[in-house]
Engineer: 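Submitted below is the structure of interest, expressed as C-alpha cells.
Since we're looking at a predicted model, the values are computed, not measured. Every number for a ligand or one of its atoms is a count from 1 in the order of the listing. Counting begins at 1 with the first residue of the sequence.
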Amino acid sequence: MVSSDGTQQQLADRGSNRSQRPSSDAFRAFIASGWAPRESALPARLPAADHAEARRRRLGDRFEGDRLVLPAGPLKVRSNDTDYRFRPHSAFAHLTGLGTDEEPDAVLVLHPQAQGGHEAVLYFRPLAGRDTEEFYADARYGEFWVGARPTLAELEARTGIRCAHIDELPDALAKDAGQVHLRVVPEADEAITALVVAARSSSGQEVDAETSQAEDAALAEALSELRLVKDDWEVAELRRAVDATIAGFAEIVRQLERASGHPRGERVIEGAFGARAREDGNGIGYDTIAAAGDHATTLHWIRNDGRVRAGELVLVDAGVEVDSLYTADVTRTLPVDGVFTDVQRRVYQAVLDAADAAFAAAKPGVRFRDVHTAAVTVLAHRLAEWGLLPVGAEEALTPEGQQHRRWMPHGTSHHLGLDVHDCAQARREMYLDAELEPGMVFTIEPGLYFKADDLSVPPELRGIGVRIEDDVVVTASGVENLSAALPRHPDEVEAWMASLRH
Ligand code: GLY
Ligand code: MN
Ligand code: MN
C-alpha cells in the first residue's frame, strides 16, 4: 500500500495533515486546477431516514429539555498510520440511518427547543475543496487518499437532518449550558466526551461527576431500550443479513473438503465465510468461530488455527453484517465428512430438542428468560438420563443447583440487531424479565460442550461440542425462524451437505 509520511495523529489534530511532505507553490496551484466540476444533483433520501426520524422523536420524548450528544466515533488506529475500517457507533447508525463507513468524527446532537421537542443537527467534516491541502495531502481524510466525503447539502439530503460543520460543535454544546443538561454516549468518542465535560463545567452549575455519569448511563439505557422492538425496515435488514449468512454457510460446506486437507482447516472455513460476508454485506458482524473437534468446547474459539478432521464435528458460529450494519448470528455444527456418528447424533439431538422447546415457549406475553428455562430444562433432563448429573434434573434446575451449566454455561438467547448482543444496556425489567413483544428479534442457541479433559463424562462424549443457533422475530402468536432455510435436523443437515458436495 501507499504510505504517507507523518506519524500517529493525536485526537486534537483530527483532520490535520498526516503527510508532512513540503509542497511548492507551483505544485499547489497545479494540483488545485484542471478538475471537472463536481456532480451537482443531490443524492436520494436514505430508505431508513423516516424510521430514524421516528426513533429520534421517541428518544427525545424521554429526555425533554436535555441536549443529547451522539457521536459516530473517531477513526481508530490499527498500527502506526493505518486505521481500522470505520464503523459508526450503533446508536449513531440507528438515529441517522447511516451505515457502512459513514461518517468518522460526526456527531448527532438533539438540541432541546423552547417550544418543546428537539431539533436534530448533524455535525461533521464536509468535503474539502480541491484548493485545500487536505484534498491531496491528508492521508487520513483527504479525497485523494480515502475518497470524497459528502458535502453538508448531500448529507442533509440523504438523512433529512440539518447538517453543520464540525467546527460549530463546541459552541453548540456550550450554548445555554447554564440551563440545559447535557447527556453523551461517553464511550463513543473520548474527544467529544471531553468537550461535553468542559461544557458542563463552564456552565457555572455545580457539576458532580457521579450525577453526570448517571445521566449518561440513563441515555445509554434509553438507546438500548429504543432498539428492543425492531421496526419493519429493521426486520427486513435482519432478513437480508440472515439470508447472506445462509449463503455463507453453503460456501463453507463447499470448501469443507479443502479445509480437511489443510493444516489450518479452520482458517479455510473462516475465509470462505468472510469472503461471502464481504461480497454480500459490509463484512462479518463479529469474529467467526470455526471450531473443529475439541475446539468447539471453547465458547469463543476465534483463533481458528486448527485442523478439521474427518469423523469430527465442526462448530461454525458466523454472521453477515449488511451495509446498514444489522447482523445475523447463526451457528451450525456439521459433521466434517457429511455424516454424524451415533454419539454425535445423540448429543446433537439433545441440543435440537432443547432449541425446539425454546421455539415452542417463545411467544408474546412469555418472559424473555423463560425461553432459556425451556431449553435448559430439556438439557438437564437429558444429562440426568445419561447419568452425568450428580443430582436429579429438577434439583439441578433450582438456583442452588445449576450443575448442568458445566456443559451449557451460556444463555440461550440475546437480542440481535445493530450489535450482535443488541440492547445490552437495557434494564433487566426491559430485557431478561420483560415479556416478549412482536418485533423483538433474538437468538435461540442452546449447546452442549464436553471438553476433551472432562473426566466427569464417558470417553465417547469427550471432545464433542454442539451448538445450534437460529435468529427469530416475535410474531403475534409465536416466533418466526428467520434462519429456517438453513437445515437444523441432523438428517436434513446430512442431505443438504451431500447436495452441496456432489
Ligand atoms: N456469536 C456470539 C453469540 O452467539 O452470542
Ligand atoms: Mn453466535
Ligand atoms: Mn448468539
Engineer: Give the atom numbers and elements of ligand 1 that come within less than 4.0 Å of a heavy atom of Tyr286.
Structural biologist: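 Close to Tyr286: 1 (N).
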Engineer: I'd like to check which ligand 1 atoms, numbered from 1 as shown, lie under 4.0 Å from a non-hydrogen atom of His414.
Structural biologist: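 Here the atoms of ligand 1 in question are 3 (C), 4 (O), 5 (O).
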Engineer: Please list the nearest protein heavy atom to atom 3 (C) of ligand 1 with its residue and the distance rounded to 0.1 Å.
Structural biologist: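 Ranked first by proximity to atom 3 (C) of ligand 1 is Asp329 OD2, 3.3 Å.
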Engineer: Given that the side chain starts at C-beta and the backbone is N, CA, C, O, which of these parts of Ile289 lies under 4.0 Å from ligand 1, counting heavy atoms, or is it both or neither?
Structural biologist: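 Under 4.0 Å from ligand 1, Ile289 contributes no heavy atoms.
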Engineer: Does Arg240 come within less than 4.0 Å of Glu321, counting only side-chain N to carboxylate O?
Structural biologist: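 Glu321 and Arg240: not salt-bridged.
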Engineer: Could you identify the N, O or S atom of Glu469 positioned closest to the Mn ion (ligand 2)?
Structural biologist: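 It is OE1 of Glu469.
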Engineer: Please give me the minimum heavy-atom distance between Val320 and Ala241, naming the atom from each residue.
Structural biologist: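 Closest approach of Val320 to Ala241, heavy atoms only: O-CB, 3.4 Å.
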Engineer: With respect to the Mn ion (ligand 3), please indicate if His414 possesses an N, O or S atom at a distance under 2.8 Å.
Structural biologist: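 For His414, the answer is yes, given that an N, O or S atom comes within less than 2.8 Å of the Mn ion (ligand 3).
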Engineer: Would you mind listing which atoms of ligand 1 come within a distance below 4.0 Å of any non-hydrogen atom of His421?
Structural biologist: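 Selected atoms, number and element: 2 (C), 3 (C), 5 (O).
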Engineer: May I ask you to test the Leu313-Val466 pair for a side-chain heavy-atom distance under 4.5 Å?
Structural biologist: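 Side chain of Leu313 against side chain of Val466, heavy atoms only: contact under 4.5 Å found.
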Engineer: Over 60° means perpendicular and under 30° means parallel, so classify the ring planes of Phe368 and Phe442, tilted if in between.
Structural biologist: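 It falls in the perpendicular class, over 60°.
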Engineer: Should the pair His295 and Trp301 be assigned to parallel (<30°), tilted (30 to 60°) or perpendicular (>60°) ring geometry?
Structural biologist: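 Parallel: the ring planes of His295 and Trp301 meet at under 30°.
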Engineer: If you measure every N or O of Glu445 against every N or O of ligand 1, does any of those distances drop under 3.5 Å?
Structural biologist: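 Yes, Glu445 has an N/O under 3.5 Å of an N/O on ligand 1.
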Engineer: Regarding Arg382 and Glu385, does a basic nitrogen lie under 4.0 Å from an acidic carboxylate oxygen?
Structural biologist: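 Between Glu385 and Arg382 there is a salt bridge, with a charged N closer than 4.0 Å to a carboxylate O.
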Engineer: Heavy atoms only, cut-off 4.0 Å: how does His410 contact ligand 1, side chain, backbone, both, or neither?
Structural biologist: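 It is neither; nothing of His410 touches ligand 1.
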Engineer: One thing to verify: whether Asp81 and Arg140 come together as a salt bridge, which I'm taking to mean a side-chain N less than 4.0 angstrom from a carboxylate O.
Structural biologist: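 Result for this pair is no, no salt bridge flagged.
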Engineer: Could you check which N/O/S atom of Glu445 is closest to the Mn ion (ligand 3)?
Structural biologist: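 The Mn ion (ligand 3) is closest to the Glu445 atom OE2, counting only N, O or S.
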Engineer: Is the distance from the ring center of His94 to that of Tyr326 below 6.0 Å?
Structural biologist: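 So the answer is no for these two rings.
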Engineer: I need the OD1(Asp317)-the Mn ion (ligand 2)-OD1(Asp329) angle, rounded to 10 degrees.
Structural biologist: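 Output for this angle: 90°, rounded to tens.
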Engineer: Check ligand 1 against Glu469 and write out every atom of the ligand that is under 4.0 Å from a heavy-atom position of the residue.
Structural biologist: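 Numbered from 1, ligand 1 contributes 4 (O).
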